[in-house]
Novice: 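Once you've had a glance at the structure underneath, I'll fire off some questions.
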There are 2 protein chains.
Amino acid sequence: MIDPAIPRLYAYHRALLEAAAAGKSTITSGDLAALLGHTISSTQIRKDLSSLGPLGRRGQGYAINPLAEQLAWVLGLEHEWRIAIAGFGYLGHALATFITSRESRFCVAAIFDRSPSLIGVDWQGITVADIDSMEHDIQRAGCNIGVIAVPAPAAQAIAQRMAAAGIRAILNFAPTVLDVRVPVLVRNIDLAGELSMLTHWLTAADANAEAEA
Amino acid sequence: MIDPAIPRLYAYHRALLEAAAAGKSTITSGDLAALLGHTISSTQIRKDLSSLGPLGRRGQGYAINPLAEQLAWVLGLEHEWRIAIAGFGYLGHALATFITSRESRFCVAAIFDRSPSLIGVDWQGITVADIDSMEHDIQRAGCNIGVIAVPAPAAQAIAQRMAAAGIRAILNFAPTVLDVRVPVLVRNIDLAGELSMLTHWLTAADANAEAEA
DNA sequence: AAATGTGAAGAGGTTCACAGCG
DNA sequence: CGCTGTGAACCTCTTCACATTT
């Protein structure tokens with residue numbers, strides 16, 4: 001399965017759960033597209049789904065439950081994922097809450113910070129630990145996904161320590177390029193970059209408006 | 001200028017400021033690529049930059065300061081941007097801090113929440129206001145960018161009200177497709193989707209490892 | 001008749017190879 | 001000689017059109 005399709009598959013999965021909750025048991029690619037606000041075309045949906053196997057019935061549409069299960073399987077949502085969060089400031093805290101509420105099989109299993117005022121704090125049964133003990137705690141908690149929510153200068157070292165502790169996938173919110181030599185998947189969430197797209201678009205729109213006037 | 005190039009331009013800009021701070025006054029596309037951890041090729045960098053005009057000297061490289069200024073101009077970093085944040089939970093709080101610290105011309109100018117325990121709270125001179133007065137406050141504060149950090153069910157209504165108040169660019173952290181009919185640029189930050197890429201990749205890697213064994 | 005599944009065409013962006021300057 | 005700037009080849013993903021199945 002191709003890379004850019006994965007977030008789409010996840011969107012389908014969510015939409016299918018919604019449809020199922022609304023009492024439907026079958027859905028067409030067109031209905032699914034409508035549910036997603038037509039941000040994705042029905043053709044695209046069919047291409048994505050057909051690449052997983054013959055999941056629909058011609059003339060009828062897709063049976064929701066089997067399709068949702070298939071998507072959950074492909075996306076790895078059937079495993080339980082144990083997540084380690086480094087940095088428990090506002091961002092880390094927000095992510096912990098979000099992750100826990102979002103998907104029942106995502107489980108925050110370890111939290112780290114450097115600040116003495118946070119170490120020892122309890123969050124939903126998890127004690128915030130000192131970053132110095134990270135390797136040990138990550139392995140004991142059996143974490144397989146890491147989230148980096150620390151300031152940029154500290155991120156690189158933490159990424160390397162996470163990788164050393166056996167974590168193979170990292171979601172990085174620090175605005176730095178992480179260099180982990182081991183084969184680890186790093187996804188960067190570049191908030192400032194996203195903002196810059198907005199500011200660029202707004203200035204470009206202004207320039208166009210002036211040119212037309 | 002093409003869309004996917006914008007975050008790259010922003011990355012160049014950051015790297016150039018770093019290089020300037022390190023005392024350099026000139027840089028080649030290859031050096032810049034190295035500074036970015038080779039996540040972007042030197043060819044790509046030259047293509048991106050050349051589309052802005054002839055900014056480099058053949059045989060020498062790029063003069064850092066003029067180039068950084070040009071990038072800042074293209075990205076709209078020379079304007080002052082006034083940002084309205086809806087939702088002041090941990091996420092909203094984290095974003096406010098991040099935005100303020102990140103770029104001096106990004107200014108959080110209004111904060112909204114629905115919770116009585118947050119309304120009236122002061123954050124760096126800004127008073128958290130009731131979401132009911134959003135339109136009025138946004139206009140008074142002259143906000144031109146909106147950030148949505150509220151739970152999914154509330155996001156749609158807030159997006160529409162932001163658009164009605166004249167905001168034309170929105171960064172949305174709620175896992176919902178926003179439908180604003182006015183021409184507004186919406187960027188969705190899909191945290192769950194990003195996580196799903198990690199879980200997919202990890203399960204696919206496991207499946208491959210088993211297949212090889 | 002209605003909706004899926006799919007080869008072929010198309011668009012969009014990246015890489016290559018090298019011409020053009022300093 | 002070194003590095004930029006760029007047309008052309010390339011590749012990847014999306015859209016189109018339609019054959020296929022219930």
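So that the names make sense, note that chain A is the first sequence line, chain B the second, and so on, each numbered from 1.
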Novice: Counting just side-chain N and O atoms, does A/R8 come under 4.0 Å of either OP1 or OP2 of D/dT14?
Specialist: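 Yes, within the criterion.
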Novice: So do the side chains of B/I85 and B/W123 get within less than 4.5 Å of each other, counting heavy atoms only?
Specialist: no
Novice: Check A/Q44, A/K47, A/R46 against A/S29 for a side-chain hydrogen bond (donor to acceptor under 3.5 Å, both in side chains) and give me the one that passes.
Specialist: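 Answer after filtering A/Q44, A/K47, A/R46: A/R46.
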Novice: Say you draw a straight line from CG of A/L171 to CG of B/L198; how long is it, rounded to the nearest 0.5 Å?
Specialist: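 If I round to the nearest 0.5 Å, the distance is 5.5 Å.
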Novice: Within the 4.0 Å heavy-atom criterion, would you say B/L49 contacts the bases, only the backbone, or no part of the nucleic acid?
Specialist: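 The answer is nothing, as B/L49 stays clear of every strand by at least 4.0 Å.
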Novice: Just list the side-chain donor-acceptor pairs under 3.5 Å for residues 59-74 of chain B, sequence neighbours left out, or say none.
Specialist:
none

Novice: For A/N188 and A/D190, indicate whether the former's side chain and the latter's backbone hold a donor-acceptor pair under 3.5 Å.
Specialist: no
Novice: Can you give me the bend angle of the helix from C/dA1-D/dT22 to C/dG22-D/dC1? Use the axis through the first five pairs and the one through the last five, nearest 10 degrees.
Specialist: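 The end axes of the helix from C/dA1-D/dT22 to C/dG22-D/dC1 are about 0° apart, to the nearest 10°.
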Novice: Separation of B/D48 atom CG from C/dT14 atom C1', in whole Å?
Specialist: 10 Å
Novice: Pairs of donor and acceptor atoms involving the side chains of residues 137-149 of chain B, under 3.5 Å and at least two apart or interchain, shall be tabulated with distances.
Specialist:
unit_1	atom_1	unit_2	atom_2	d
B/D137	OD2	B/S133	OG	3.1
B/Q139	NE2	B/A165	O	3.4
B/N144	OD1	B/R82	N	3.0

Novice: C/dT4 base to A/R58 side chain: any donor-acceptor pair below 3.5 Å?
Specialist: yes
Novice: Is B/Y62 near enough to D/dG5 that one of its side-chain N or O atoms lies under 4.0 angstrom from OP1 or OP2?
Specialist: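 Checking D/dG5 against B/Y62, a side-chain N or O does come within under 4.0 Å of OP1 or OP2.
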Novice: Using a 3.5 Å distance criterion without hydrogens, assess whether the side chain of A/R187 forms a donor-acceptor pair with backbone atoms of B/E194.
Specialist: no
Novice: Near DNA chain C, under 4.0 Å by heavy atom, which residues of residues 17-29 of chain A?
Specialist: A/T28, A/S29
Novice: For residues 10-23 of chain A, run the donor-acceptor check on the side chains, cut-off 3.5 Å, and write out each pair with its distance to 0.1 Å, sequence neighbours left out.
Specialist:
unit_1	atom_1	unit_2	atom_2	d
A/Y10	OH	A/R102	NE	3.4
A/Y10	OH	A/E103	OE1	2.8
A/Y12	OH	A/D48	OD2	2.6

Novice: Whole-Å distance between C/dT4 P and A/Y12 OH?
Specialist: 12 Å
Novice: Any idea how A/H93 and B/Y90 line up, ring-wise: parallel (<30°), tilted (30 to 60°), or perpendicular (>60°)?
Specialist: parallel
Novice: I need the residues from residues 38-47 of chain B with at least one non-hydrogen atom less than 4.0 Å from DNA chain D; give them sorted by number, or say none.
Specialist: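 Output list: B/R46, B/K47.
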Novice: I'd like to know if the side chain of B/R161 and the backbone of B/Q156 have a donor-acceptor N/O pair within less than 3.5 Å.
Specialist: no
Novice: Grab the CG-P distance between A/D3 and D/dC13 for me, whole Å please.
Specialist: 8 Å
Novice: For B/L55 and D/dT6, give me the distance from atom CG to atom P, rounded to whole Å.
Specialist: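 Whole-Å distance recorded here is 11 Å.
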Novice: What I'd like to find out is whether the side chain of A/V186 reaches to under 4.5 Å of the side chain of A/V184, using heavy atoms alone.
Specialist: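 Answer yes - side chains close enough.
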Novice: Nearest whole angstrom, please: distance from the C1' of C/dT4 to the CG of A/D31.
Specialist: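 In whole Å, C/dT4 C1' and A/D31 CG are 13 Å from each other.
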